[in-house]
Amino acid sequence: MHYSASHAALDGLACLILAFALSRMGAGHRLLLRLALIAPLVSLAIFFAVPDMASYRGASALAMALTAALGQTLWQARPAWRPGLLLLAVALAVKIAADALAIVPMPSSLPAGVRVAWQAHVAGLVCGLAVWHLAAKRPGNLAAASSRSSLP
């Protein structure tokens, strides 16, 4: 459930772009399985970390999980990209901190008066990193598949 059509469209577009990039890196065959694991993990993390959160509407936590997965995959497969990936990670951390502290109003597709659920974003990042890290430890891991990717 989302707050508006534009909110759903932005979350959906983010997930679609990230999933496409991961599939290009060789993660397509297990992407849905990993997302099926990440979704309840994110829900549990939010439930225990923020028990007073009445509702969470959106798919941004899954988008964050996919962001973490893509970042981790690129980190392994493209060492030359690491400085840029670090810069993007810092920018993302600053954005999440700004959301959490409500220092500056950040642009979003949410209606007026609705705050960004930064806790869901953190949960998505952590769960995405954990699931992708564990999956990379298995035989036939994503790192081997990503070396065959057609990305530059």
key: Residue pair L44, F48: steps toward the side-chain contact (heavy atoms from CB on, under 4.5 Å) verdict   = CA-CA 6 Å; L44 285 171; F48 287 111; 4.1 Å; yes
query = Any idea which heavy atoms bring P40 and L37 closest together, and the distance?
reply = CD-O, 3.3 Å
query = Atom CH2 of W75 and atom CG of L86: how far apart are they, to the nearest 0.5 Å?
reply = 4.0 Å
task = Compare all side-chain heavy atoms of L22 with those of W132 and state whether any distance is below 4.5 angstrom.
result = yes
ask   = Does T67 reach the side chain of L88, with side-chain heavy atoms less than 4.5 Å apart?
value = no
task = Please report the shortest heavy-atom distance between I38 and G128, naming the atom on each side.
result = CD1-CA, 4.0 Å
message = If hydrophobic clusters are built by linking Ile, Leu, Val, Met, Phe, Trp and Tyr wherever their side-chain heavy atoms come under 4.5 Å apart, do L129 and V131 end up in the same one?
response = no
message = What's the separation between atom CG in L10 and atom SG in C15, rounded to the nearest 0.5 Å?
response = 11.0 Å
inquiry  = On a heavy-atom basis, which atom in L70 and which in A21 lie closest, and how many Å separate them?
reply    = CD2-CB, 3.7 Å
message = How long is the straight-line distance from CE of M25 back to CZ of R78, given to the nearest 0.5 Å?
response = 4.5 Å
ask   = Once you round to the nearest 0.5 Å, how far does CG of L125 lie from CG of L66?
value = 10.5 Å
key: Rounded distance (nearest 0.5 Å) linking atom CG of L74 with atom CH2 of W81   = 5.5 Å
query = Considering all heavy atoms of both residues, which atom of H121 and which atom of S60 are nearest to each other, and what is their separation?
reply = NE2-OG, 2.8 Å
remark   = Note: A120 and I46 closest approach over all heavy atoms is CB-CD1, 3.5 Å
task = Quick one: closest heavy-atom pair of A19 and L31, and the distance?
result = CB-CD2, 3.5 Å
task = Only one of L92, V42, V122 passes side chain to side chain contact (heavy atoms under 4.5 Å, CB included) with M64; say which it is.
result = L92
